[in-house]
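Worksheet for the structure shown next.
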Amino acid sequence: MSLIFNSEIINYSFPPKPDNLSQDEKIYWKIKIKNLLKEKNAVIVAHYYTNPDVQALAEETGGCVADSLEMARFGNSHSALTLMVAGVRFMGETAKILNPKKTVLMPTLQAECSLDISCPIDKFHSFCNDHPDRTIVVYANTSVAVKANADWVVTSSIAIEVISYLHSIGKKIIWAPDRHLGRYITQKTGADILCWNGTCIVHEEFKTQGLKHMKILYPNAAVLVHPESPQSIVELADVIGSTSQLIKAAYSLPNKQMIVATDRGIFYKMQQAVPDKELIEAPTAGVGATCRSCAHCPWMAINSLQSIANGLEYGGNAHEICLDPKTSQDALIPLKRMLSFASKIKNNFK
Ligand code: 13P
Ligand code: SF4
């Protein structure tokens with residue numbers, strides 16, 4: 001795998017974390033949101049990394065809590081006229097690309113993703129132009145414009161299958177933007193991949209020495225790792241997979257303890273799946289130390305009950321996803337390719 005070096009150092013400005021709510025305040029906002037969901041014919045589509053209160057509300061109100069592939073599928077098949085997407089902006093944009101006639105709202109449009117930020121369309125476009133012989137595969141964690149420039153969009157739960165398929169028919173690949181996932185895919189498939197140099201600020205902060213010590217402390221624990229993590233962390237894993245694949249692994253493995261190297265938001269659904277197992281956070285530098293995220297995505301963290309209520313009530317510039325129609329139509333092609341590939345794989349396993 002060759003890496004395309006993007007030498008810029010990015011200074012992220014993180015929006016402030018929402019206030020902690022009392023029990024009474026939570027009840028107040030939940031009732032308000034439930035009424036607004038009915039009034040607006042809306043449903044909540046939430047990612048596993050959002051706060052437990054947001055996930056619980058999505059479940060209680062007939063919405064979904066899922067990985068990014070399943071979020072796209074759910075929003076696409078649900079009959080609600082409005083989708084309230086709790087996650088980061090590329091997830092809301094994906095919902096809008098797939099459902100141009102629906103209103104797509106987000107708790108806040110400030111919810112970025114370091115991978116998306118690392119891959120600006122102008123640079124990506126000229127890089128792709130320099131390699132016209134390659135099939136362009138981009139991660140879902142990208143802007144609409146980058147998706148519109150791609151042949152395929154994939155999420156982490158289907159990336160290996162898509163790249164294996166492309167490799168089997170002789171394609172050489174451009175992969176963007178996550179270099180760790182790109183390296184992992186290259187190792188798993190043997191494909192010829194040119195890789196963008198982006199990283200996820202959450203997963204890159206897991207600490208190798210700390211994880212080795214933890215494995216000694218918990219010798220019977222299984223280590224579950226998201227493939228956005230660095231190689232030295234992936235090498236210590238028993239299971240490597242997307243968020244939903246990690247939850248399935250926690251359930252199916254016989255181990256009673258799991259060390260989990262991904263955003264701690266996943267613990268809400270993972271603990272539901274394995275109520276009798278102990279879930280342990282893989283080590284970062286620790287809250288208050290040098291890490292920027294400390295195992296919780298700062299952009300996922302700004303999805304709050306208040307911001308969901310505000311989004312449903314007021315919509316508008318701060319909440320509604322509006323896309324350029326032509327770019328959106330172009331981005332729909334590689335996204336649909338992924339969804340149709342995913343449903344073919346599913347049918348093969350029935
Ligand atoms: P999943 O597709 O596994 O849900 O991952 C999305 C993501 O942003 C991980 O950091
Ligand atoms: Fe992006 Fe990482 Fe946050 Fe996922 S956890 S949304 S990859 S910054």
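All values below were derived from every heavy atom in this structure, side-chain atoms included, with hydrogens, water molecules and symmetry-related copies excluded. Whatever order the structure lists ligands and atoms in, that order sets their numbers, starting from 1.
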(message) On a heavy-atom basis, I'd like to know which of Thr262, Ile201, Asn141 is closest to atom 4 (Fe) of ligand 2.
(response)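 Comparing heavy atoms across Thr262, Ile201, Asn141, the nearest one to atom 4 (Fe) of ligand 2 lies in Asn141.
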
(request) Just go through Gly87, Ala140, Ser118, Cys200 and tell me whose heavy atom is the nearest to atom 2 (Fe) of ligand 2. (result)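 Selected option, by shortest heavy-atom distance: Cys200.
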
(message) Heavy-atom pairs closer than 4.0 Å: do any link ligand 1 to the side chain of Asn141, the backbone, both, or neither?
(response)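 Looking at Asn141 and ligand 1, just side chain atoms fall under 4.0 Å.
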
(message) Below a 4.0 angstrom heavy-atom separation, can you tell me which part of Tyr48, side chain or backbone, both or neither, approaches ligand 1?
(response)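 The answer is neither.
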
(request) Please determine if Glu228 has a nitrogen or oxygen closer than 3.5 Å to a nitrogen or oxygen of ligand 1. (result)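 Yes, at least one N or O pair falls under 3.5 Å.
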
(message) With respect to Asp67, determine whether any N or O atom, backbone or side chain, lies less than 3.5 Å from an N or O atom of ligand 1.
(response)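 No - when backbone and side-chain N and O of Asp67 are compared with those of ligand 1, no distance drops under 3.5 Å.
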
(request) Please report the C-alpha distance between Lys96 and Glu93 in whole Å, then the side-chain angles of each, then the deciding distance to 0.1 Å, and finally whether the salt bridge (Lys or Arg N to Asp or Glu O under 4.0 Å) criterion is met. (result) CA-CA 5 Å; Lys96 185 69 183 176; Glu93 289 175 349; over 6 Å; no

(request) Find all atoms of ligand 1 within a distance of less than 4.0 Å from any non-hydrogen atom belonging to Ser156, and give their numbers and elements. (result)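 Listed by number with element: 1 (P), 2 (O), 3 (O).
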
(request) Would you mind running through ligand 1 and noting each atom that sits below 4.0 Å from a heavy atom of Ser242? (result)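 Checking each atom against Ser242, I get 3 (O).
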
(message) Could you check whether any heavy atom of Ser157 sits closer than 4.0 Å to an atom of ligand 1, since that is the contact criterion I want to use?
(response)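 In this structure, Ser157 fails to qualify as a contact of ligand 1 - no heavy atom is under 4.0 Å.
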
(request) May I ask whether His203 places a heavy atom under 4.0 Å from ligand 1? (result)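 Yes; His203 lies near enough to ligand 1 that a heavy-atom distance drops under 4.0 Å.
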
(message) Under a plain distance cut-off of 3.5 Å, with no hydrogens placed, do Tyr251 and Gln272 share a side-chain donor-acceptor pair?
(response)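 Distance-only check fails for Gln272 and Tyr251.
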
(message) With no hydrogens and no angle check, just 3.5 Å: does a side-chain donor-acceptor pair link Ser22 and Glu25?
(response)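 There is such a pair between these side chains.
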
(request) Would you please indicate yes or no on a ring centroid separation below 6.0 angstrom for Phe127 and His131? (result)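 Close enough - the centres of the two rings lie under 6.0 Å apart.
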
Identify whether the distance between the nearest side-chain nitrogen and carboxylate oxygen of [X] and [Y] falls below 4.0 Å.
{"X": "Asp192", "Y": "Arg134", "value": "yes"}
{"X": "Arg89", "Y": "Glu112", "value": "yes"}
{"X": "Lys40", "Y": "Glu313", "value": "no"}

(request) Describe, in one word, how the ring planes of Phe14 and Trp299 are oriented to each other, choosing from parallel (under 30°), tilted (30 to 60°) and perpendicular (over 60°). (result)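 Geometry flag for Trp299 against Phe14: perpendicular rings.
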
Provide, to 0.1 Å, the distance between [atom] and the closest protein heavy atom, together with that atom's residue and name.
{"atom": "atom 2 (O) of ligand 1", "result": "Ser68 OG, 2.5 Å"}
{"atom": "atom 3 (Fe) of ligand 2", "result": "Cys297 SG, 2.4 Å"}
{"atom": "atom 4 (O) of ligand 1", "result": "His47 NE2, 2.7 Å"}
{"atom": "atom 5 (O) of ligand 1", "result": "His226 NE2, 3.5 Å"}

(request) Return yes when at least one N/O/S atom of Cys113 is nearer than 2.8 Å to atom 1 (Fe) of ligand 2, and no when none is. (result)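 Yes, since at least one N, O or S atom of Cys113 sits under 2.8 Å from atom 1 (Fe) of ligand 2.
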
(request) List every atom of ligand 2 that sits less than 4.0 Å from any heavy atom of Leu115, numbering the atoms from 1 in the order shown and giving each element. (result)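 Listed by number with element: 7 (S).
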
(request) Give the C-alpha distance, both sets of side-chain angles, the deciding distance and a yes or no for side-chain contact (heavy atoms from CB on, under 4.5 Å) between Thr103 and Leu81. (result) CA-CA 6 Å; Thr103 301; Leu81 300 179; over 6 Å; no

(message) Among Thr243, Asn303, Asp67, Thr262, which residue satisfies the side chain to side chain donor-acceptor pair (under 3.5 Å) criterion with Tyr49?
(response)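 Exactly one option meets the side chain to side chain donor-acceptor pair (under 3.5 Å) with Tyr49, and it is Thr262.
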
